[in-house]
Amino acid sequence: MRNLKYHEAKLEALRELMEEDERVHLIGGTFFSLSPHRLKFAAIEKAWPDRVAAPPISELGFCGLATGAAMAGLRPVVDVTTGSFLFEAWPQVVNEAANVLYMSGGQVRAPVVFHMLHGLRGGGAAQHSGSPQAMLWNCPGLEIVLPSSPRDVKGLLKAAVASDNPTVFVDHSNLFETEGPVPDGDRIPLGQADVKRPGADVTLIATSFTVQRALAVAEALASDGIDVEVVDPRTLVPFDLDTIMASVEKTGRVVIADETHQSCGVAAEIAARIAESGFDHLKGPIRRVATLDVPVPYSQPLEEYIGPSEERIARAVREATR
Amino acid sequence: MRNLKYHEAKLEALRELMEEDERVHLIGGTFFSLSPHRLKFAAIEKAWPDRVAAPPISELGFCGLATGAAMAGLRPVVDVTTGSFLFEAWPQVVNEAANVLYMSGGQVRAPVVFHMLHGLRGGGAAQHSGSPQAMLWNCPGLEIVLPSSPRDVKGLLKAAVASDNPTVFVDHSNLFETEGPVPDGDRIPLGQADVKRPGADVTLIATSFTVQRALAVAEALASDGIDVEVVDPRTLVPFDLDTIMASVEKTGRVVIADETHQSCGVAAEIAARIAESGFDHLKGPIRRVATLDVPVPYSQPLEEYIGPSEERIARAVREATR
Amino acid sequence: MLPAISKEPLLDQCRRMLLIRHFEERLIGLHHEGRFRGHYHVYIGQEGTGVPAISLLRPDDLLFSTHRNHGHILARGGDPGRLLAEILGRRDGYNRGKGGSFHTSPRELGFLQCSGVVGGILPLGAGAAYAAKSRGAGQIAVCLFGDGALEEGAIPETFNLASLWKLPVLFLCENNGKYGAGNAVGAAQSSTMAAYPLTDLPQAYKIPAVQVDGTDAGVVHETLRENIDAIRSGAGPRFIETLTVRWPGSETNWPVVKAPTTVELAWDASGAPEDVRDWYRNSDPLLRFMRELVENGHVDRDELEAINRSVTEQISAAVDFAFDSPYPDLAEAETDVFV
Amino acid sequence: MLPAISKEPLLDQCRRMLLIRHFEERLIGLHHEGRFRGHYHVYIGQEGTGVPAISLLRPDDLLFSTHRNHGHILARGGDPGRLLAEILGRRDGYNRGKGGSFHTSPRELGFLQCSGVVGGILPLGAGAAYAAKSRGAGQIAVCLFGDGALEEGAIPETFNLASLWKLPVLFLCENNGKYGAGNAVGAAQSSTMAAYPLTDLPQAYKIPAVQVDGTDAGVVHETLRENIDAIRSGAGPRFIETLTVRWPGSETNWPVVKAPTTVELAWDASGAPEDVRDWYRNSDPLLRFMRELVENGHVDRDELEAINRSVTEQISAAVDFAFDSPYPDLAEAETDVFV
Ligand SMILES: Cc1ncc(C[n+]2csc(CCOP(=O)(O)OP(=O)(O)O)c2C)c(N)n1
Ligand SMILES: Cc1ncc(C[n+]2csc(CCOP(=O)(O)OP(=O)(O)O)c2C)c(N)n1
Ligand SMILES: [Mg+2]
Ligand SMILES: [Mg+2]
């Protein structure tokens with residue numbers, strides 16, 4: 001199997017999507033944010049000038065446009081840059097795209113993909129660090145995808161575009177330099193959690209970039225004799241509770257690490273589900289390591305302090321296994 | 001103490017606010033939705049024509065306008081009609097109002113109140129039945145108020161306007177005809193949960209209109225010998241965990257009934273907090289009775305089926321006490 | 001004037017206008033009888049826009065409408081029984097009861113979304129036009145919406161996108177606020193819009209825009225024919241505003257029929273209550289259409305009576321069909337969230 | 001031309017322009033040295049708008065700006081040390097390090113919000129104007145924003161509200177896209193805006209709108225003086241667009257100083273790299289201002305050198321101040337969420 005950097009796997013997915021299906025159109029093009037890799041995207045723009053559109057600064061308008069194009073038969077992937085800017089498009093995403101299949105009684109599909117980079121990125125402050133996936137999980141009708149490895153970003157992006165439902169693809173720029181094996185193969189079905197590291201003592205559920213932190217914590221704690229199982233749901237909708245419950249039944253101890261804000265965040269929902277279905281297996285309280293309930297501060301030490309840092313994750317795992 | 005209908009108490013609060021503080025301006029005026037009580041609001045418009053403004057259909061613009069007016073010294077109460085339409089104003093609410101105090105390092109306050117009617121209202125279907133409070137709880141910087149009785153709507157509306165923070169006031173039109181005692185007095189401080197009915201066997205936490213359903217269920221189950229304690233948080237932010245934990249320590253059994261969608265909903269967060277702080281007191285899993293994770297259907301039997309009906313609440317309480 | 005088409009299609013238009021009118025009047029009656037719940041909006045007074053406009057579309061064109069969609073669906077050939085079943089939340093409704101009045105949206109007729117969010121469909125319509133353009137087969141998208149929609153920021157954003165990308169989309173704005181309460185004649189069309197005439201806004205985005213009398217089906221037909229041809233041939237988006245006087249029955253939130261429509265009424269409105277008589281005499285596009293049909297010698301009043309009778313019979317059958325349809329199974333509540 | 005004011009305030013404007021210029025050039029240097037992280041935007045090339053415009057405001061006027069706010073803060077008399085401390089995320093920054101570059105917003109100078117969300121401030125500014133109007137003391141609100149903001153739907157919504165309610169708000173649009181890459185001269189100001197000239201959009205909403213040369217501080221001053229007087233006296237909102245040519249150093253996402261600003265450069269740009277020389281000769285509002293000061297006999301070049309020296313010394317002190325300021329205590333992360 002080849003080893004690729006995350007940004008390479010993502011670019012490869014975009015290229016293959018364009019090659020394989022002419023219904024795929026890209027609306028907006030900051031799939032690589034301000035990173036140097038954005039320059040490589042230019043080759044895609046050049047190869048398919050009629051299928052890559054540069055929209056005005058009108059997130060509401062162009063996310064709605066992409067949704068309408070999907071309803072009319074295309075497979076648009078629309079980029080809103082930062083999770084914070086998806087809020088600009090909120091009415092089209094949560095009132096139109098999410099509802100159309102249901103409201104129409106199954107008549108109309110909107111297979112659009114909304115792409116963005118979420119989370120604490122180093123100096124993004126309160127208005128450029130948004131992680132909208134928890135809010136979106138409260139809106140039925142949207143699939144939510146959170147890749148965390150080169151293999152996942154490729155396989156999940158291809159699956160998101162292939163899906164007949166509206167899908168929110170929430171990426172993280174801190175992952176771009178991560179390296180890992182990428183099979184030549186294809187889609188990773190939505191709704192399959194991935195045990196990123198097997199372990200016996202405690203189930204550490206993590207999402208997106210926090211998976212990488214969780215793996216680092218697991219390695220570090222291994223030398224202290226704590227055997228951590230890291231489980232990555234990979235998609236929130238659909239959600240693979242079975243894989244998670246299998247781990248919880250084995251370990252009886254749960255820590256959830258995620259970058260959305262704590263209240264009504266991703267960790268809250270996962271905690272509530274485990275507590276509902278697995279109450280009898282739990283040996284102690286479920287611990288959440290989420291972003292503190294404060295707007296994101298600009299200053300570096302403050303930003304690091306509020307996020308799900310390795311230090312906070314490690315502390316929670318130790319407490320859980322004590 | 002006087003007995004008032006809910007709509008009367010709400011109107012009284014609005015009138016007193018206008019009388020007591022000339023910084024209070026009303027932007028938009030559908031505080032009583034399409035109900036006949038909306039006609040009574042006309043008297044307020046007539047008494048203070050310069051302080052009641054009828055905006056165009058521009059929720060984003062006028063919610064931002066109200067926020068800016070608050071930053072510049074007024075105390076605007078802005079009405080967005082239905083919870084679903086707050087989504088139109090999302091960028092101004094979550095990116096501007098919620099962040100300004102923090103982002104400015106404490107320099108600038110935005111004491112605005114966003115008013116709306118949320119939830120399943122009978123035929124509102126997918127686009128007129130929104131309950132944005134769960135999403136908003138994931139956005140630090142906003143106070144969230146959910147009245148459920150005549151006394152609460154008056155006391156909490158007055159407190160919301162007096163607060164120096166941006167506050168989302170989430171009302172429910174099904175409450176309008178509820179009758180109850182209303183003290184002459186004044187504000188109910190934000191952050192005080194209310195034990196709406198004391199009981200020994202199970203803690204039933206409910207919000208907004210669902211509180212009324214919870215009370216009805218509690219009465220019905222009393223005859224079966226199940227003694228239900230109904231606790232109404234009244235505000236999600238600030239959240240009074242102490243009152244709730246006192247109840248949980250007593251009963252050891254918890255059901256949460258709320259009208260937001262289940263995933264990352266209000267019940268998820270309350271469940272996660274109780275499971276964190278009160279794990280050792282719990283005699284069984286926490287049960288959530290939330291709106292099913294589907295867009296809101298129009299058809300009456302379907303709409304009733306997906307909501308936190310008395311039947312579903314009663315079933316959950318029975319299961320919890322079994 | 002009448003649309004410049006032959007007798008048969010003219011009578012077909014008349015028939016569809018009558019169908020809309022009787023459907024809505026009956027619907028109001030059913031609501032007053034308490035036979036369904038939920039809010040709804042009627043199209044009465046705007047038939048002179050929807051019927052001629054929609055008659056010009058191809059079967060593969062894509063339509064988007066709003067909360068005021070009943071007339072558009074019937075103008076497009078929708079089944080009044082399935083429309084009513086949807087409004088009643090029944091299983092045989094176009095959306096299987098899940099959408100209701102605002103959202104009834106027959107895909108088989110080319111409707112992709114009827115949104116209850118004011119302004120919500122404009123970005124979607126531009127998107128459907130984007131898809132149509134990428135296919136390049138002359139297909140167009142049509143957005144049917146009210147004057148109020150222009151107050152939403154989604155609309156100028158859409159105008160910009162549609163203009164820059166020359167999308168084949170028709171923006172058909174039905175301004176039912178002419179002489180609206182509180183507005184001076186010649187002043188803002190809506191009391192809450194500074195940009196007037198409304199055509200100033202699309203024009204700022206270099207979208208050709210025309211304002212026409214929406215009670216004159218012939219002018220509507222002619223204007224739309226030219227503009228739809230232009231859009232189809234690749235000229236980019238067009239904006240047409242049709243002006244109508246709001247039907248007095250819909251001035252409150254809950255419509256009331258003050259003068260039930262008859263063929264007779266087109267020639268003698270004296271039976272209508274005084275406060276609404278002027279509307280039926282001067283602002284009703286349907287009654288005008290019928291008068292012009294007779295004046296131009298296409299039909300006589302007896303023939304109109306016959307059409308009218310057949311329409312009312314059709315409505316009665318539709319009402320029976322809709323009420324006979326059961327509510328959906330409860331299991332339906334959990335389907336169609338995802339494909 | 002120069003603003004029609006006396007020598008002292010003219011020199012004050014010159015001083016502020018130089019302060020902005022040297023602040024930004026130094027900031028770019030610090031970033032290249034890796035001495036702070038985070039994204040930032042510089043105001044170079046737009047000093048001819050911000051300095052004369054802001055000089056016309058009253059102390060109680062309320063200001064809103066964007067990600068490109070450094071120049072506005074310094075023009076208003078902001079302390080470069082506290083501004084830089086904020087950009088570095090330090091405790092002595094205007095926002096105690098919590099806001100950063102985009103959001104630095106000194107309340108004591110009348111700034112209420114600098115938003116990193118394109119278009120985000122316009123509704124807020126209209127709201128501050130609403131409050132000002134309700135107090136009725138001639139106070140106004142000012143929104144300073146870029147040409148790109150007009151692509152956001154929040155802006156037309158705000159134009160409508162401001163126009164309908166005659167709010168005392170100045171919309172000052174700094175169009176730094178003149179001759180921008182890919183745009184034909186005379187075509188769209190921005191490659192993504194169909195409404196051009198941009199003034200067409202506010203005008204559609206009946207907001208008087210003027211386009212002026214943003215490299216000519218005198219014209220900017222004169223135009224703004226008239227319009228601010230009008231707004232203050234209750235005439236409602238105004239829209240002014242100042243056109244500047246984007247500084248070549250900010251063409252990438254990470255700015256580069258290709259020719260450090262000196263007094264000399266105003267008279268001899270031959271030392272600047274060839275590809276940017278034209279900008280310094282013909283499009284730099286600061287160098288033009290200095291030339292005009294000398295041509296009009298207000299100062300000689302030596303006096304300018306003296307001002308320039310004192311400004312660079314001020315910047316050095318500011319840099320020391322900012323780097324000496326510690327990071328905030330971690331406890332600060334959890335304060336200011338609520339009052
Ligand atoms: C975003 C949004 N805001 C408010 C409403 C409430 N609303 C329903 S219809 C309507 C008036 C719409 O006017 P117009 O577009 O002219 O349509 P008309 O009803 O006159 O046909 C309003 C404000 C809504 N449905 N959506
Ligand atoms: C809502 C939103 N969308 C996108 C961005 C990313 N963005 C930052 S600056 C900018 C360009 C803004 O152009 P303009 O308003 O002309 O300001 P300038 O930078 O030219 O001064 C964009 C698109 C943003 N900050 N906010
Ligand atoms: Mg209208
Ligand atoms: Mg610009």
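Within every chain, numbering begins at 1; the chains are lettered A, B, ... in the order of the sequence lines, protein sequences first and strands thereafter. From a predicted model like this one, the values you see are computed outputs, not experimental measurements.
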- [ ] Sort out for me which of C:G153, C:A149, C:G99 touches chain B most, counting heavy-atom pairs under 4.5 Å.
- [x] C:G99

- [ ] Determine, stepwise, if the pair C:W254 / B:L34 fulfils side chain to side chain contact (heavy atoms under 4.5 Å, CB included).
- [x] CA-CA 9 Å; C:W254 303 108; B:L34 297 174; 4.1 Å; yes

- [ ] Tell me, for B:I306 versus chain C, whether the close heavy atoms (under 4.5 Å) come from the side chain, the backbone, both or neither.
- [x] side chain

TODO: For the residue pair C:F102 and B:H128, categorise the inter-ring angle as parallel (less than 30°), tilted (30 to 60°) or perpendicular (more than 60°).
DONE: perpendicular

Open item on the list: If you count every heavy atom of other residues, nucleotides or ligands that lies below 6.0 Å from C:E108 atom CD, does the total exceed 12?
Closed with: yes

Open item on the list: Is any side-chain heavy atom of B:L302 closer than 4.5 Å to one of C:L330?
Closed with: yes

- [ ] Test side-chain hydrogen bond (donor to acceptor under 3.5 Å, both in side chains) on B:Y305 and C:E334 and set out the steps.
- [x] CA-CA 10 Å; B:Y305 173 77; C:E334 301 190 66; 3.0 Å; yes

TODO: Could you tell me which portion of C:S115 (side chain, backbone, both or neither) has an atom closer than 4.5 angstrom to a non-hydrogen atom of chain B?
DONE: both

Task: Under 4.5 Å from a heavy atom of chain B, the part of C:D329 involved - done: backbone

- [ ] Name the member of B:A126, B:A125, B:P295, B:P301 that forms the most heavy-atom pairs with chain C at distances under 4.5 Å.
- [x] B:P301

TODO: Using atom types as modelled and distance alone, determine if a side-chain donor or acceptor of B:Q127 lies under 3.5 Å from a backbone N or O of C:G116.
DONE: yes

TODO: Enter the distance from B:Y298:OH to C:L88:CG here, rounded to the nearest 0.5 Å.
DONE: 7.0 Å

TODO: State plainly whether the residues B:E303 and C:R37 are in salt-bridge range, i.e. N to O under 4.0 Å.
DONE: yes

Open item on the list: Can you give me the closest heavy-atom contact between C:V337 and B:D293, atom names plus distance?
Closed with: CG1-O, 4.0 Å

- [ ] Identify the two heavy atoms, one from C:P328 and one from B:S299, that lie closest to each other, and give their separation to 0.1 Å.
- [x] CD-OG, 3.4 Å

Task: Under 4.5 Å from any heavy atom of chain B - which part of C:L150 - done: neither

Open item on the list: For the interface with chain C, which of B:G123, B:P297, B:A54, B:S84 has the highest count of heavy-atom pairs at distances below 4.5 Å?
Closed with: B:G123

Open item on the list: Do C:E152 and B:S58 pair up side chain to side chain, a donor and an acceptor below 3.5 Å, judged on atom types alone?
Closed with: no

